[in-house]
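Below is one structure; the comments refer to it alone.
What you see is a predicted model, and the numbers here were worked out from it, not measured in a lab.
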Amino acid sequence: MITAIIIGVSMALAQIVLFELLKQFNKNSIYSLILCAIGFLYVGFTWTDMSAFLIASVQAIVFLFIAYFGLTKNNLYVVALGYFLHGLWDIGYSFWQDSSLLPPHYDLFCMSLDYIVGIYLTFKTIRLNKLIFENDGRSI
């Protein structure tokens with residue numbers, strides 16, 4: 001159980017470092033695409049149970065729209081919020097759906113990854129906004 005959290009945190013940190021090293025890529029696009037993709041993972045896990053499949057499909061579409069809005073408005077706060085909400089989805093899923101359709105401890109793995117990325121994006125956006133403010137709104 002704790003292993004799932006350690007792996008989730010490690011994967012989040014590896015993802016963050018990798019994307020920071022790839023400076024030429026638009027980070028908002030990358031994180032938005034990942035947010036969209038993680039919603040659809042549940043669809044793949046639940047296709048054998050029609051009720052769970054339909055709920056997972058709705059959830060995936062909701063996260064697709066959150067990611068799209070964050071991307072088109074160039075707003076990492078929205079993308080970060082999407083990661084936090086997806087972390088809540090991960091934890092809440094087993095309380096009202098059959099979690100046996102998911103890999104063992106997937107909720108803990110995914111929740112820990114989502115929250116680390118969400119925290120990182122929030123602080124990154126705060127730092128960028130502070131730099132812009134310090135430069136009196138001039139481009140940096």
Margin query: Applying salt bridge (Lys or Arg N to Asp or Glu O under 4.0 Å), can you list everything that pairs with Lys124, at least two apart in sequence or on another chain?
Written below: Glu20

Check: Do you know the tightest heavy-atom contact between Tyr93 and Ala52?
Finding: OH-CB, 3.8 Å

Next item on the list: Return the set of residues passing ring pair (Phe, Tyr, Trp, His ring centres under 6.0 Å) with Phe53 (not counting sequence neighbours), or none when no residue passes.
Entry: none

Next item on the list: Please answer: with hydrophobic residues joined when any side-chain heavy atoms are less than 4.5 Å apart, are Val79 and Leu33 in the same cluster?
Entry: no

Check: Going from CD1 on Ile116 to OG on Ser10, what distance comes out if it is rounded to the nearest 0.5 angstrom?
Finding: 9.5 Å

Margin query: Test of understanding: with side chain to side chain donor-acceptor pair (under 3.5 Å), list the residues that count as partners of Asn28, not counting sequence neighbours.
Written below: Ser32, Asn74

Margin query: For the CZ atom on Phe40, are there more than 12 heavy atoms of other groups (residues, nucleotides or ligands in this structure) within a distance under 6.0 Å?
Written below: yes

Note to self: Could you report the tightest heavy-atom contact between Leu22 and Lys27, atom names first, then the distance?
What the structure shows: O-NZ, 3.2 Å

Next item on the list: Give a yes or no on whether Ile5 and Leu102 share a hydrophobic cluster (residues Ile, Leu, Val, Met, Phe, Trp, Tyr; joining criterion: side-chain heavy atoms under 4.5 Å apart).
Entry: yes

Check: Is there a donor-acceptor pair under 3.5 Å between the side chain of Gln59 and the backbone N or O of Trp89?
Finding: no

Notebook entry, point to check: So, do Phe63 and Cys36 sit near enough that their side-chain heavy atoms are less than 4.5 Å apart?
Noted result: no

Notebook entry, point to check: Of all residues at least two apart in sequence or in a different chain, which pass the side chain to side chain donor-acceptor pair (under 3.5 Å) check with Asp90?
Noted result: Tyr42, His86

Check: Are the aromatic rings of Tyr120 and Tyr83 close, with centres under 6.0 Å apart?
Finding: no

Next item on the list: For the residue pair Ile34 and Gln15, establish whether any side-chain heavy-atom pair is separated by less than 4.5 Å.
Entry: yes

Checklist line | Nearest atoms (heavy-atom pairs only) where Ile119 meets Phe84 | finding: N-CZ, 3.4 Å

Margin query: Check for me, please, whether Ile30 and Leu13 land in the same ILVMFWY cluster - side-chain distances under 4.5 Å, paths through other members count.
Written below: yes

Note to self: Just verifying a value: how many Å separate Ser112 OG and Ile2 CD1, rounded to the nearest 0.5 Å?
What the structure shows: 9.0 Å

Margin query: Among residues at least two apart in sequence or on other chains, which ones pass side chain to side chain donor-acceptor pair (under 3.5 Å) with Asp98?
Written below: Ser100

Notebook entry, point to check: Do Phe19 and Leu76 belong to the same hydrophobic cluster, where Ile, Leu, Val, Met, Phe, Trp and Tyr are linked whenever their side-chain heavy atoms lie under 4.5 Å apart, directly or via other members?
Noted result: yes

Checklist line | Minimum side-chain heavy-atom gap Ile66-Leu81 below 4.5 Å | finding: no

Item checked: Residue pair Asp49 / Thr46, side-chain heavy-atom distance below 4.5 Å -> no

Check: Side-chain contact, heavy-atom cut-off 4.5 Å: Leu113 with Val9?
Finding: no

Notebook entry, point to check: How close do Asp107 and Ser94 get, heavy atom to heavy atom, and via which atoms?
Noted result: OD2-OG, 4.1 Å

Check: Going hydrophobic residue to hydrophobic residue with side-chain gaps under 4.5 angstrom, can you get from Ile91 over to Trp96?
Finding: yes

Next item on the list: Specify the closest pair of heavy atoms between Leu121 and Ala80, including all atoms of both residues, with the distance to one decimal.
Entry: CB-CB, 3.8 Å

Item checked: Euclidean distance, Cys110 SG relative to His105 NE2, rounded to 0.5 Å -> 15.0 Å

Note to self: Would you compute the distance between atom CG of Asp114 and atom CG of Leu35 and round it to the nearest 0.5 angstrom?
What the structure shows: 8.0 Å

Next item on the list: Quick one: closest heavy-atom pair of Tyr77 and Thr122, and the distance?
Entry: CE2-O, 4.2 Å

Margin query: For Tyr31, give me all partners under side chain to side chain donor-acceptor pair (under 3.5 Å), at least two apart in sequence or on another chain.
Written below: none

Notebook entry, point to check: Is the side chain of Lys73 donor-acceptor paired with the backbone N or O of Tyr68 at a distance under 3.5 Å, no angle test?
Noted result: no

Check: Taking C-beta and beyond as the side chain, do Asn75 and Phe69 meet within less than 4.5 Å on heavy atoms?
Finding: no

Check: Counting only N and O atoms by type, is there a donor-acceptor contact under 3.5 Å from the side chain of Trp47 to the main-chain atoms of Val43?
Finding: no

